[in-house]
There are 2 protein chains.
Amino acid sequence: MALRHAVLTALLDGEHSGYQLAKSFDVGMANFWHALPQQLYAELAKLEADGLVAGREVVQEARPNKRLFTVTDAGLAELRRFARTPSKPSFIRDDLLVKVAAADAVDAAELIAQLDERAAIAGAKVELFDKLMRKMRGELGEAEYLAHGTQVGPYLTLLRGRRFESENREWCTEAASVLRARAGADVTR
Amino acid sequence: MALRHAVLTALLDGEHSGYQLAKSFDVGMANFWHALPQQLYAELAKLEADGLVAGREVVQEARPNKRLFTVTDAGLAELRRFARTPSKPSFIRDDLLVKVAAADAVDAAELIAQLDERAAIAGAKVELFDKLMRKMRGELGEAEYLAHGTQVGPYLTLLRGRRFESENREWCTEAASVLRARAGADVTR
DNA sequence: ACATACATGTAATCAGTTACATGATTAT
DNA sequence: ATAATCATGTAACTGATTACATGTATGT
């Protein structure tokens, strides 16, 4: 039941609407948790009912009204309690890896195309994370930021996401080239 | 709906019982898919009902009887169809990363302890994957195996898992040392 | 005696996804 | 005109987790 804690964490750096969360979940948070807008709206409603976040209505003219949420003291306490509970080892779920595991039994050309596509997506994520990290660091170098910056938490998780996607890109490229080489060898045999 | 395809893939290298699958899912498959025994038994039953796997009863004396499953032609066709569908980008779900993201608001000592523990777990996984890969390669070197080995699919996914866990271990170690340095600085301030 | 491995499930609940629904404003 | 952005949800369904249930054989 960590979605609520991911939401509380996302709200630590100020008030957000459900809509804003839905966006930021696809950038800073997406390395370790993912959620659809509907889930976030539902979770915010539950968190408010439980007194862990407080919402305030903001009336707008040119746009629909919105509700901005902040973490309450009870919410902060809940987050601290959560941080003390044991963590279960993480897991990945990846359709593409399932397909690669079945590489010996399925169409190679199609797999290669999907690996190339995924490598490109991962590359774009690497650049996005680099940008976010540069922005967060500001004037400071990485070592300095890690030592003295505010928001080490988010910075560390961005670092993790950056490495994951970089790793991902490299592996997809390699796997594609391995499959290409084997397909080529089969043809000339 | 990729659990069924993960199961079909796992059954590609020969017949397995639900019990055996439950074990092997925690090693070779665990880098990209995870499932509890109950899910596997249920999925095998569904796959059998759909004619994608065939089960045969094996009567044993000293142990309970078991059912061994193999992929049918229809199952193989389904796997090939699946391999042609577009893959949605993977995602990680990790409690510990949520906690690190909230690092600035929670107890540092506890987080550090969890990061150290996770680094050790990741290290053990790296060794396990190395062992499995050596076993799979046999006499061959890695480049040779990737070029000519049977089971490139499983080998490539083990490679991915190996790198993921290695990355994980490094990051956990670094994150812990960053948090330790900051905690130390706070104390002496 | 106690734990672990073997072997297979059911039932209840919780979490996540897909599909649907509404409606104004701004940019191309 | 068309698409994208802002803004928030409901309803139905599928997938995953937790708790429970059973029973034998082997190792420490």
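Chain A is the first sequence line, chain B the second, and so forth, proteins listed ahead of strands; every chain is numbered from 1.
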Tell me the interatomic distance from B/W33, atom CH2, to D/dA16, atom P, rounded to whole angstroms. 6 Å
Would you kindly give the CG-to-P distance between B/L44 and C/dT10, to the nearest whole Å? 13 Å
Whole-Å distance separating the CE atom of B/M1 from the C1' atom of C/dT18: 13 Å
Could you check how far NZ of A/K88 sits from C1' of C/dA15, rounded to whole Å? 11 Å
State, yes or no, whether a side-chain contact exists between B/D95 and A/F82 at a heavy-atom distance under 4.5 Å. yes
Quick one: which of C/dT26, D/dT18, C/dA7 gets closest to the side chain of B/L36? D/dT18
Write down the distance between NZ (A/K46) and P (C/dC14), rounded to a whole number of angstrom. 9 Å
Side-chain contact test, heavy atoms from C-beta onward, threshold under 4.5 Å: evaluate it for A/E57 versus A/N65 and give yes or no. yes
Once you apply a heavy-atom cut-off of 4.0 Å, does A/K23 come out as touching a base, just sugar-phosphate, or nothing? sugar-phosphate
Find out whether A/T150 and B/D104 are in side-chain contact, i.e. whether some heavy atom of one side chain is under 4.5 Å from a heavy atom of the other. no
Can you tell which of D/dC6, D/dT17, D/dT8 lies closest to the side chain of B/H34? D/dT17
Using a heavy-atom cut-off of 4.0 Å across all strands, would you classify B/R93 as base, sugar-phosphate, or nothing? sugar-phosphate
Start at the 5' end of DNA chain C and walk down; is the nucleotide closest to A/E61 or to A/L3 reached first? A/L3
Using the rule that Ile, Leu, Val, Met, Phe, Trp and Tyr join whenever any side-chain heavy atoms are under 4.5 Å apart, tell me whether A/M136 and A/F32 fall into a single cluster. yes
Provide, to the nearest angstrom, the distance between the CD atom belonging to A/Q39 and the P atom belonging to D/dT14. 17 Å
Kindly say if B/Y19 contacts the phosphate of C/dT8, meaning a side-chain N or O under 4.0 Å from OP1 or OP2. no
5'-most by nearest nucleotide on DNA chain C - B/Q20 or A/R63: B/Q20
Does the base of C/dT18 carry an N or O that pairs as donor and acceptor with the side chain of A/Q38 under 3.5 Å? yes
Rounded to the Å, how far apart are B/Y41 OH and D/dA21 C1'? 14 Å
In this structure, how many angstroms lie between the C1' atom of D/dG15 and the CG atom of B/L40, rounded? 13 Å
Salt bridge or not between A/D94 and B/R160? Use side-chain N to carboxylate O under 4.0 Å. no
